Amino acid sequence: MTDAELDRTLDAALGVDPSPEFLARVRNRVATEPTRTPWLGTWRHVDAWGMAGLGAAAGTALVVATLVWPRPPDLPPAVGGQSAGTAPPVPVEAVTPPAKPGQGLNSPEQGMRPRPAVAAARPSAQAAVNAEVVVAPAEAAALRTLFANVSQGHVAPSWLPDLAAPSGPLEPIDAIDVAPIAVNPLRPIEAEAGVL
Amino acid sequence: MHERVDSIRGGIMTADLQLEREFDALLVESSRLAFRVAFSVLRQREDAEDTAQEAFAKAHRAFHQLRDRGRFRAWLVRMTFRLALDRQRANRRRTARVLSTDHLELAPAPATPSHEDTERATHVWNAIDALSEKLRIVVVLASIEGHSVQEVASLLGLPAGTVKSRLFLARQELKERLAWMADTGHP
């Protein structure tokens, strides 16, 4: 059998067309298929909706965390109405210690200015004076609640200890009886025969 | 807010409508291919149409997941071929069960003028059925709609060299099985 004969045979066997109503049947079948949820849309839309949902959830979580999370206590205003973080730079000359005569390269006699590193360290020293006092959030919240209740009369401050009053005499501590430790000298090791 | 929701809903519905149109265009383009693939396995028009229809229904259900529309025909061909093989196995089991319980004997075909054609077609189909599945799908796809080796490779997701060698082996087997037809002047 030649290739041409085989091709003719296969064409005759496989060259069958579907019936004219086949396409209509398939369309009908596809049309009666359960449709997808319109709000979900295509996968591309699902992707977009997923991203939008994640963004909304993250935003909601941030807002809730901001509202619920206890805030640190309000800090008293820093000297000059500025906080420690925004303290103005201190003039170098104002914080430079008086130099001793004959001190070397930084001596005023040689007209040398302080090194920049030293000058930069001065404002941090000033900031350390106004440093924020860190209080545990729970403790700060408890203190705020206590102050509010005392100021509104819900809690009588009478039971609070008077820290300003001098405390009473301390009770004497019982003597601690410690037995003296006896130290006995060790006996010399007896040398075995043939070892030493 | 309502306008925005309506706008989004309208956009999604427009996208769905576009998706349906895309699918319908591919359905028109590929319906004959799917039918012929199914028919090459099942050899019965009704069965082949049912199988191709089932394949299109499955394709429709998952069409929105198909990112590369250019792969639709290959996807459809593989799906149709698998469904047709499943149906063929089911048909064979059913036929065997009926024959074993009813002891039916198939009546010989009447000696009509088309008897020779029927006999010839039966032999051809038997030869095609004797091929392994790998060889059969290759020779079927190459024979229907005049697909080239490259097109068959693309449809099956195989290297062109693999398709070429399988096609050669399939044709050799068919030639050997159908050689007697040429000798007796059947084709």
Side-chain angles (χ1 to χ4, degrees), chain A residues 1-69 71, chain B residues 8-9 11-13 15-16 18-20 23-24 27-28 31-32 34-40 43 45-46 48-50 52-57 59-61 63-65 67 117 120-121 123-125 127-128 139-140 142-146 171 174-183 186-187:
Chain A
M1 178 175 267
T2 64
D3 286 336
E5 287 169 346
L6 180 63
D7 287 338
R8 277 201 303 275
T9 305
L10 290 174
D11 283 344
L14 298 171
V16 182
D17 287 333
S19 59
E21 60 268 19
F22 171 62
L23 208 54
R25 282 176 52 202
V26 174
R27 279 188 176 130
N28 188 38
R29 168 74 183 274
V30 165
T32 56
E33 285 278 309
T35 54
R36 286 171 286 118
T37 309
W39 274 102
L40 289 179
T42 63
W43 277 107
R44 283 168 286 185
H45 287 95
V46 169
D47 292 344
W49 280 106
M51 294 302 293
L54 280 178
T60 306
L62 186 64
V63 168
V64 169
T66 306
L67 292 176
V68 171
W69 201 264
R71 288 178 297 173
Chain B
I8 294 171
R9 183 183 292 161
I12 292 173
M13 290 179 72
D16 278 350
Q18 186 183 352
L19 209 64
E20 292 298 328
F23 184 81
D24 192 68
L27 166 65
V28 173
S31 61
R32 194 170 68 168
F35 168 79
R36 287 184 169 180
V37 167
F39 187 80
S40 71
R43 287 189 267 160
R45 182 183 294 275
E46 291 78 16
E49 286 191 356
D50 286 350
Q53 186 177 313
E54 181 62 31
F56 273 114
H60 182 257
R61 281 197 290 272
F63 186 61
H64 60 283
Q65 296 177 8
R67 306 256 174 174
D117 292 340
R120 180 169 59 90
H123 287 300
V124 172
W125 280 114
I128 292 174
V139 79
V140 164
S143 299
I144 59 178
E145 301 192 4
R171 291 178 69 90
L174 288 175
K175 280 183 189 176
E176 288 173 9
R177 291 180 185 277
L178 300 175
W180 63 272
M181 291 171 67
D183 296 341
H186 258 296

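Labels below follow one simple rule: chain letters A, B, ... track the order of the sequence lines, proteins then strands, and each chain is numbered from 1. Owing to the predicted nature of the structure, the values given are computational and were not obtained by experimental measurement.
A salt bridge does not link A:R29 to B:D50: none of the charged side-chain nitrogens sits closer than 4.0 Å to a carboxylate oxygen.
Looking at heavy atoms from C-beta onward, B:D24 lies out of side-chain contact with A:V30 at the 4.5 angstrom threshold. Side-chain contact between B:K175 and A:E5: absent, with no pair of heavy atoms (C-beta onward) separated by less than 4.5 Å. Residues A:T9 and B:L174 have side chains not in contact (no heavy-atom distance under 4.5 Å, counting atoms from C-beta outward). Taking the side chain as every heavy atom from C-beta outward, B:R43 and A:V16 never approach each other to under 4.5 Å.
With a 4.5 angstrom heavy-atom cutoff, A:D11 touches chain B only via side-chain atoms. Neither the backbone nor the side chain of B:E176 comes within contact range of chain A; no heavy atom of the residue lies under 4.5 Å from a heavy atom of that chain. The part of B:R45 that comes within reach of chain A is its side chain, from C-beta onward, which places non-hydrogen atoms under 4.5 angstrom from that chain.
Taken from CG in A:L14 to CZ in B:R36, the straight-line distance is 8.0 Å, to the nearest 0.5 Å. Rounding to the nearest 0.5 Å places CD of B:Q53 at 5.0 Å from CZ of A:R25. Atom CG of A:L6 is separated from atom OG of B:S143 by 7.0 Å, given to the nearest 0.5 angstrom.
Of the listed residues B:V140, B:V139, B:L27, the one with more heavy-atom pairs under 4.5 angstrom with chain A than any other is B:L27. The choice from B:F23, B:F56, B:W125 that makes the most heavy-atom pairs within less than 4.5 Å of chain A is B:W125.
Here the closest non-hydrogen pair linking A:D3 and B:R171 is O-NH2, 3.4 Å.
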